[in-house]
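Structure, as structure tokens:
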Protein chains: 2
Amino acid sequence: MNKSIKVFAPGSVSNVGCGFDILGFAIDGIGDEMILRKNDSNKIHIKPIEGYENLSTVPTKNVAGVAIQALLDDLGSQQGFDIEIKKNIKPGSGIGSSSASASGAVVAVNELLGKPYSRMQLVDFAMQGEVAASGDAHADNAAPTVLGGFCIVRAYDPLDIIQIESPINLWCVVIHPQIEIKTKEARELLSTQVDLKKAIRQWGNVAGLISGLHSSDYNLIGRSLEDHIVEKQRKVLIPEFDNLKNAVMNAGALGCSISGSGPSVFALCEGENKAKDVNLAMNDVFSKTNIPFYIYSSQVSNNGVRIIEEI
Amino acid sequence: MNKSIKVFAPGSVSNVGCGFDILGFAIDGIGDEMILRKNDSNKIHIKPIEGYENLSTVPTKNVAGVAIQALLDDLGSQQGFDIEIKKNIKPGSGIGSSSASASGAVVAVNELLGKPYSRMQLVDFAMQGEVAASGDAHADNAAPTVLGGFCIVRAYDPLDIIQIESPINLWCVVIHPQIEIKTKEARELLSTQVDLKKAIRQWGNVAGLISGLHSSDYNLIGRSLEDHIVEKQRKVLIPEFDNLKNAVMNAGALGCSISGSGPSVFALCEGENKAKDVNLAMNDVFSKTNIPFYIYSSQVSNNGVRIIEEI
């Protein structure tokens with residue numbers, strides 16, 4: 001049995017336009033790197049996280065620690081692990097930062113223990129880790145981070161996740177303006193009631209998007225990405241949102257919306273060249289502001305957490 | 001060029017549980033038979049419809065007449081046709097009666113004129129015919145009737161229809177209690193506002209259903225059929241609805257809900273044997289009432305309007 005493992009846990013985009021709270025996908029250009037080792041105690045020990053010293057290293061308050069504990073509780077076996085996290089996704093970015101750490105942790109521990117669980121089963125533990133960060137159990141980042149591709153979270157009780165392989169030529173460009181939005185704050189912006197007519201348009205688009213993903217119909221994916229309910233309520237939190245969206249659509253993106261609860265904004269594109277154009281367009285808009293930002297481009301990844309090295 | 005054509009226009013189930021106003025599929029056990037002939041005038045002439053003498057034969061007030069006229073107007077060519085309709089689907093049944101006549105008419109005329117339009121283009125004309133019946137343009141019956149299979153109506157302006165082939169072993173059983181419900185009346189029962197949380201569950205189910213149809217995952221189709229918004233508001237119009245649903249689910253149906261705006265109720269099943277069991281269960285429930293009823297069983301049909309004979 002391996003004693004040490006290094007994993008890459010990718011970022012992810014949840015909500016995906018019309019798919020508010022039920023859809024997410026994995027990206028590949030950015031993610032956390034984590035090294036986990038079995039130790040000889042029965043305690044989880046998390047090293048201080050470089051650059052993010054305010055993230056708790058107390059296992060019961062850290063998403064990775066909570067997720068691992070959920071797995072061990074289910075297994076009925078207390079064991080100890082040392083955890084190093086190289087965090088490349090800033091917390092509060094809207095691209096699944098806490099989910100990456102929680103997912104990476106449970107995939108790595110599962111590997112170290114000889115794979116008692118399937119990837120699908122691990123989603124539940126990663127999701128429980130996320131509760132430590134947001135106070136709320138959502139699987140729309142955890143599922144794609146663990147499994148890869150697009151994931152539908154159809155229902156919670158019991159958890160029902162459906163994975164869809166991403167069309168081969170589907171690229172994602174994400175801009176992360178370096179301002180923080182709390183998920184809770186973004187959630188409070190939303191009306192608790194929705195106009196039935198708008199809800200119908202939304203689930204028409206959800207139907208179109210899922211069909212487009214299954215049939216690799218890029219234009220259909222693009223037409224279906226529109227969100228009539230959440231985006232206009234939340235975009236006020238994101239500087240330059242309308243300019244950004246106009247610019248990326250003019251540059252040939254299939255669609256564009258808020259990633260998670262923001263502030264990151266994602267665009268989907270057909271092919272690497274379009275992704276490059278969209279990257280430039282995003283860069284143009286934000287270069288004119290004083291807000292620092294990062295842009296990540298990658299194919300939508302059909303891989304979830306990847307094992308880099310086993311020692 | 002043919003002078004006369006006989007077509008079969010199938011019934012259809014719209015709404016399909018969670019897919020309210022955006023989804024429908026074609027059935028095969030019941031439908032209208034129509035004979036259309038080019039005549040030497042430039043007028044549309046509809047023969048009195050046997051058994052349904054209260055249905056107007058005035059072309060501007062009959063769904064078939066209105067649909068044909070929409071086609072001719074688009075073509076910019078006035079021509080005359082004689083139309084005989086053998087109506088097997090009772091108006092107000094909730095299984096696409098008006099849609100069948102409108103769809104059969106435009107497919108037949110298109111054939112007689114040498115196919116100037118694709119089937120997809122014909123949906124728009126059939127839908128305009130339906131306005132004559134319900135006062136409202138909906139394509140969730142017209143699209144599957146013309147095209148076959150499952151059809152998503154993603155958007156109206158412009159009309160965006162996505163066809164999905166039905167899984168090969170998917171059967172449908174529909175019971176039609178012989179009471180009439182007006183679509184308008186059923187629509188007025190609905191709240192104009194929806195709880196956001198319920199709307200999210202609904203589009204999660206829509207996503208699951210579309211994914212299940214693409215991947216022929218019968219269990220997923222079944223799990224996803226649930227409707228948290230419309231069914232409970234409308235079921236009050238349908239006698240024995242709860243008993244019926246319990247009985248068909250106990251008999252092994254994948255799912256069950258109201259067909260269109262009722263009073264028909266449909267169940268989806270995996271395979272012919274399950275469909276037989278469900279048919280018996282429906283029969284048991286309604287045999288104990290004084291309400292006359294019909295039950296139709298068939299595979300979900302991947303055919304829309306079929307040409308039976310060209311003379």
Side-chain angles (χ1 to χ4, degrees), chain A residues 15-24 138-140 150-165 187 190-217 219-221 223-230 233, chain B residues 15-24 138-140 150-165 187 190-217 219-221 223-230 233:
Chain A
N15 293 342
V16 197
C18 54
F20 180 65
D21 264 5
I22 64 119
L23 193 64
H138 281 276
D140 45 354
F150 280 81
C151 289
I152 300 166
V153 187
R154 193 195 64 82
Y156 279 93
D157 193 21
L159 188 62
D160 189 2
I161 307 283
I162 301 118
Q163 192 201 15
I164 305 172
E165 207 168 304
R187 204 160 272 276
L190 300 180
S191 309
T192 56
Q193 296 285 306
V194 183
D195 201 61
L196 177 61
K197 285 185 181 161
K198 281 190 185 162
I200 292 167
R201 287 181 73 186
Q202 191 92 347
W203 63 63
N205 280 317
V206 167
L209 178 54
I210 301 301
S211 188
L213 291 173
H214 272 284
S215 58
S216 293
D217 182 335
N219 284 332
L220 176 57
I221 292 168
R223 299 198 300 280
S224 303
L225 273 171
E226 58 181 26
D227 161 20
H228 295 288
I229 294 172
V230 176
Q233 296 185 73
Chain B
N15 294 343
V16 197
C18 55
F20 179 66
D21 264 4
I22 65 119
L23 193 64
H138 281 276
D140 45 354
F150 280 80
C151 289
I152 300 166
V153 187
R154 193 194 64 81
Y156 280 93
D157 192 21
L159 188 62
D160 189 2
I161 308 283
I162 301 117
Q163 191 200 15
I164 306 171
E165 205 167 306
R187 205 159 272 277
L190 301 179
S191 310
T192 56
Q193 297 284 305
V194 184
D195 200 64
L196 176 62
K197 284 185 180 161
K198 281 189 186 165
I200 292 167
R201 286 180 75 187
Q202 193 91 347
W203 63 64
N205 281 317
V206 167
L209 178 54
I210 300 301
S211 188
L213 291 172
H214 272 284
S215 57
S216 293
D217 182 336
N219 284 331
L220 176 56
I221 291 168
R223 298 199 300 279
S224 304
L225 274 171
E226 57 180 27
D227 161 21
H228 295 288
I229 294 172
V230 176
Q233 297 184 74

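Every chain is numbered from 1 and lettered A, B, ... according to where its sequence line falls, protein lines coming before strand lines.
Other residues, nucleotides and ligands contribute only 12 or fewer heavy atoms inside 6.0 Å of the CD atom of A/Glu165.
Remark: the backbone N or O of B/Phe20 is paired with a side-chain donor or acceptor of A/Trp203 at under 3.5 angstrom. Under a 3.5 Å cut-off, the side chain of B/Arg223 and the backbone N or O of A/Arg154 do not form any donor-acceptor pair.
Nearest heavy-atom pair, A/Ala207 versus B/Ile22, reported as atom, atom and distance to 0.1 Å: CB-CD1, 3.8 Å. Closest approach of A/Leu196 to B/Ser191, counting heavy atoms only: CD2-O, 3.6 Å. When all heavy atoms are compared, the tightest approach of A/His214 to B/Ser215 is CE1-CB, 4.5 Å.
With a threshold of 4.5 angstrom between heavy atoms, B/Leu213 does not approach chain A through any atom at all. There is no contact between A/Leu23 and chain B, counting heavy-atom distances below 4.5 Å. For B/Ile152, the part lying near chain A is the side chain, with the backbone staying farther off; criterion is any non-hydrogen pair under 4.5 Å.
Chain A is approached within less than 4.5 Å, heavy atom to heavy atom, by B/Asp160, B/Ile162, B/Ile164 from residues 155-164 of chain B, ordered by number.
Each of B/Asp195, B/Leu190, B/Leu220 has some count of heavy-atom pairs under 4.5 Å with chain A, and the biggest count is that of B/Asp195. Between chain A and the residues B/Ile229, B/Leu209, B/Thr192, the most heavy-atom pairs under 4.5 angstrom are made by B/Thr192.
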